[in-house]
Amino acid sequence: MAVPLTVEFSGGLETLFNNTRSIKLSLARPDGSDKPLTVADLVVHLCEKVMTDKRSELFVIDGFHVRPGILVLINDADWELEGEEDYVIQPGDQILFTSTLHGG
């Protein structure tokens, strides 16, 4: 079953995604199972199917873990309060990835 959601990028992360600040997705499991979709599944999908820049290390580390310095908000709440990568995505969720790292 596909789950509709909105994903937003800011703080420079949008450059990794073809300068797109907001996308609407309908996310489904590639294997067709009914297992709930998590933020970890979303991150894998973003890296494999949506990211246009090959520098994935600016977004994830150690495979598909969101790198430190990237703030993730789920429906305007810090993802640490929601279970981080284990949060089960609900229809209509809004997930924001924003970089808090700035060069200088």
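Sequential numbering from 1 along the given sequence is applied to the chain's residues. Only this structure's heavy atoms are used, side chains among them; waters, hydrogens and symmetry mates stay out.
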Residues T98 and S10: closest non-hydrogen pair is OG1-OG, 2.6 Å
Pairs of donor and acceptor atoms involving the side chains of residues 56-73, under 3.5 Å and at least two apart or interchain, shall be tabulated with distances.
from : atom 1 : to  : atom 2 : distance (Å)
H65  : ND1    : E85 : OE1    : 3.0
H65  : ND1    : E85 : OE2    : 3.3
R67  : NH1    : E57 : O      : 2.4

Across all chains, not counting sequence neighbours, the side chain to side chain contact (heavy atoms under 4.5 Å, CB included) partners of D31 are R29, S33
Distance col, row L37:CG vs L27:CG, nearest 0.5 angstrom, shows 5.0 Å
*Would you say the side chain of Q94 lies within less than 4.5 Å of the side chain of L96, judging by non-hydrogen atoms?*
no
Between P4 and A2 the two heavy atoms that sit nearest each other are CD-O, 3.8 Å
V88 and P36 have their tightest heavy-atom pair at CG1-CB, 3.6 Å
Close side-chain approach of L25 to L42, heavy-atom, < 4.5 Å: yes
| query | Heavy-atom distance under 4.5 Å between the side chains of T20 and V50, does that happen here? | reply | no
Q: Evaluate the side-chain proximity of V3 to D93: yes if any heavy-atom separation is below 4.5 Å, no if none is.
A: no
Are side-chain heavy atoms of I95 and W79 found at a separation under 4.5 Å? no
Q) Hey, does R21 have a side-chain heavy atom less than 4.5 Å from the side chain of F9? A) no
Here the gap from K24 atom NZ to E8 atom CD, rounded to the nearest 0.5 Å, amounts to 8.0 Å
The side chain to side chain contact (heavy atoms under 4.5 Å, CB included) partners of E82 (sequence neighbours excluded) come to I74, A77, Y87
One should read off an interatomic distance between T38 OG1 and D86 CG, to the nearest 0.5 angstrom, of 6.5 Å
